[in-house]
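Here is the structure we will look at, set down as structure tokens.
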Amino acid sequence: MPSADTDTKPSWADQVEEEVPGEDDTLPPSTEEINGDTKIVTDYKLNEDGKKVKCVRTFKIEKLKASRTVAARKNWPKFGQSQNDKPGPNPATTAIAEDVFMAFSTTKEETLNQTEEDPLKKLGQQRIVQCRVCKGDHWTTKCPYKDTLEPLQKEEEDKTKAAKPEPPKPDGKTGKYVPPSMRDGAGRGRGESMQPRRDEGATIRVTNLSEDTRESDLQELFRPFGTISRIYLAKDKVTGQSKGFAFINFHRREDAARAIQGVSGFGYDHLILNVEWAKPSGT
DNA sequence: GTTGAGCGG
């Protein structure tokens, strides 16, 4: 940066960068002192008013490998254009432009990988779901015996509970939440208010729908075949654009079968509809 | 050519 013609004809830019030439020699030299893992750098400079200012900076020397190599490099003898400079940084050639903050993520990543690997191994070894009713490889709610086996199991549970009731607490509460349907005085016939579960196996899939078909259109189209319990028109969640297929649930399987017979191949909105039995989702 | 979303544990 400094050139031979600075003292003969300095440009205004050089003057700004190097401060006032010639004044540097009156300032004491910078010193570096290392005390354990602390480094103290003392240097002198002129402030905006031209007054001498002593500047003391302390650094903690990190134990990281990268910091050690940087620290070792600082002990190298000066070379090249700076080999005749005084000890310490020369303000004419050294500038701290800006602080750069670095996020060292390596240690975090390492620990993350370690914790991620173990559960993954476990997942490969063990089943993810187990039915509480039949111990099968599916969710309890999907159990084929849910409607037959589970009520029986609950009755067994109730019997054992009745055999040894929990001792009531002084305030008369057991401390456990009891849903209204299970409280004393609740109607005996559990589930009498529950309507039968949605008819599985009475779902048909309609494809090749034009994209402006709406659920009400499907309702009209399929109502003649029997009671419809549910209509699902697949749409893009964001745009609401129809995906061109739908699921129709009938209460009775016979109605669904007749709907397949009646509507499959039906010309609708310049397209030929395709209607089949729907497979259970997720497979 | 096109088979949903939600509920758990």
Side-chain angles (χ1 to χ4, degrees), chain A residues 115-116 118-154 156-157 161 176-182 190-191 193-223 225-253 255-283:
Chain A
T115 51
E116 268 171 19
D118 282 342
L120 276 176
K121 277 181 192 165
K122 282 181 192 166
L123 277 178
Q125 288 162 4
Q126 72 182 17
R127 216 185 291 151
I128 298 163
V129 291
Q130 189 187 38
C131 175
R132 283 194 289 248
V133 173
C134 72
K135 312 295 176 207
D137 193 1
H138 48 249
W139 291 103
T140 307
T141 46
K142 298 238 170 113
C143 180
Y145 311 109
K146 186 177 175 5
D147 293 330
T148 52
L149 208 54
E150 192 186 36
L152 291 175
Q153 290 179 348
K154 280 221 166 142
E156 285 301 310
E157 240 176 64
K161 267 187 190 169
K176 248 172 128 185
Y177 173 73
V178 180
S181 60
M182 306 286 262
R190 182 197 25 241
S193 60
M194 269 205 296
Q195 59 265 53
R197 295 215 299 129
R198 193 166 62 231
D199 312 70
E200 305 296 339
T203 311
I204 56 171
R205 180 196 55 163
V206 190
T207 55
N208 215 26
L209 287 165
S210 82
E211 59 183 31
D212 43 54
T213 305
R214 288 166 310 171
E215 282 168 27
S216 57
D217 300 325
L218 296 167
Q219 164 89 253
E220 279 175 35
L221 183 61
F222 286 99
R223 199 171 38 202
F225 299 95
T227 329
I228 296 163
S229 58
R230 193 180 62 132
I231 292 180
Y232 179 89
L233 212 199
K235 289 180 274 210
D236 186 288
K237 225 193 294 184
V238 181
T239 66
Q241 175 73 252
S242 164
K243 289 191 190 166
F245 67 91
F247 295 99
I248 319 281
N249 265 70
F250 284 92
H251 271 134
R252 287 175 295 276
R253 199 177 160 82
D255 296 342
R258 288 192 299 118
I260 292 171
Q261 291 303 309
V263 181
S264 197
F266 185 82
Y268 193 80
D269 261 8
H270 76 270
L271 292 175
I272 307 238
L273 294 186
N274 185 28
V275 188
E276 297 165 39
W277 291 111
K279 284 180 238 161
S281 72
T283 51

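Every heavy atom of this structure was used, including side-chain atoms; hydrogens, water molecules and symmetry mates were not.
- Distance A:Leu218 CG to B:dG4 P: 16 Å, rounded to the nearest Å.
- At whole-Å resolution of the value, CZ in A:Arg132 and P in B:dC7 are 16 Å apart.
- The stretch residues 237-248 of chain A comes close to DNA chain B through A:Phe245, A:Phe247, each having a heavy atom under 4.0 Å from the strand.
- Distance, A:Glu215 CD to B:dG4 C1': 12 Å, rounded to whole Å.
- Nucleic acid contact for A:Asn208: base, since at least one base atom lies under 4.0 Å from a heavy atom of the residue.
- The nearest whole Å value for the distance from the CG atom in A:Leu209 to the C1' atom in B:dT3 is 13 Å.
- Evaluation of the side-chain contact (heavy atoms from CB on, under 4.5 Å) rule for A:Asn208 yields A:Leu271 as partners, not counting sequence neighbours.
- If you measure from atom CD of A:Glu276 to atom P of B:dG1, you get 13 Å, rounded to the nearest angstrom.
- Closest to the side chain of A:Lys142, out of B:dT3, B:dA5, B:dG6, is B:dG6.
- One atom, CG of A:Asp236, and another, P of B:dG4, lie 13 Å apart when rounded to the nearest Å.
- With rounding to whole Å, A:Arg230 atom CZ is found 10 Å from B:dG6 atom C1'.
- Taking a centre distance below 5.5 Å and an interplanar angle below 30 degrees as the stacking criterion, A:Tyr232 does not stack against the six-membered base ring of B:dA5.
- The only member of A:Ile272, A:Val206, A:Leu221 that meets side-chain contact (heavy atoms from CB on, under 4.5 Å) when paired with A:Phe266 is A:Leu221.
- Residues in residues 259-268 of chain A take part in no side chain to side chain donor-acceptor pair (under 3.5 Å) pair, two or more places apart or across chains.
- Here B:dT2 presents its C1' atom at 12 Å from CG of A:Leu271, a figure rounded to the nearest Å.
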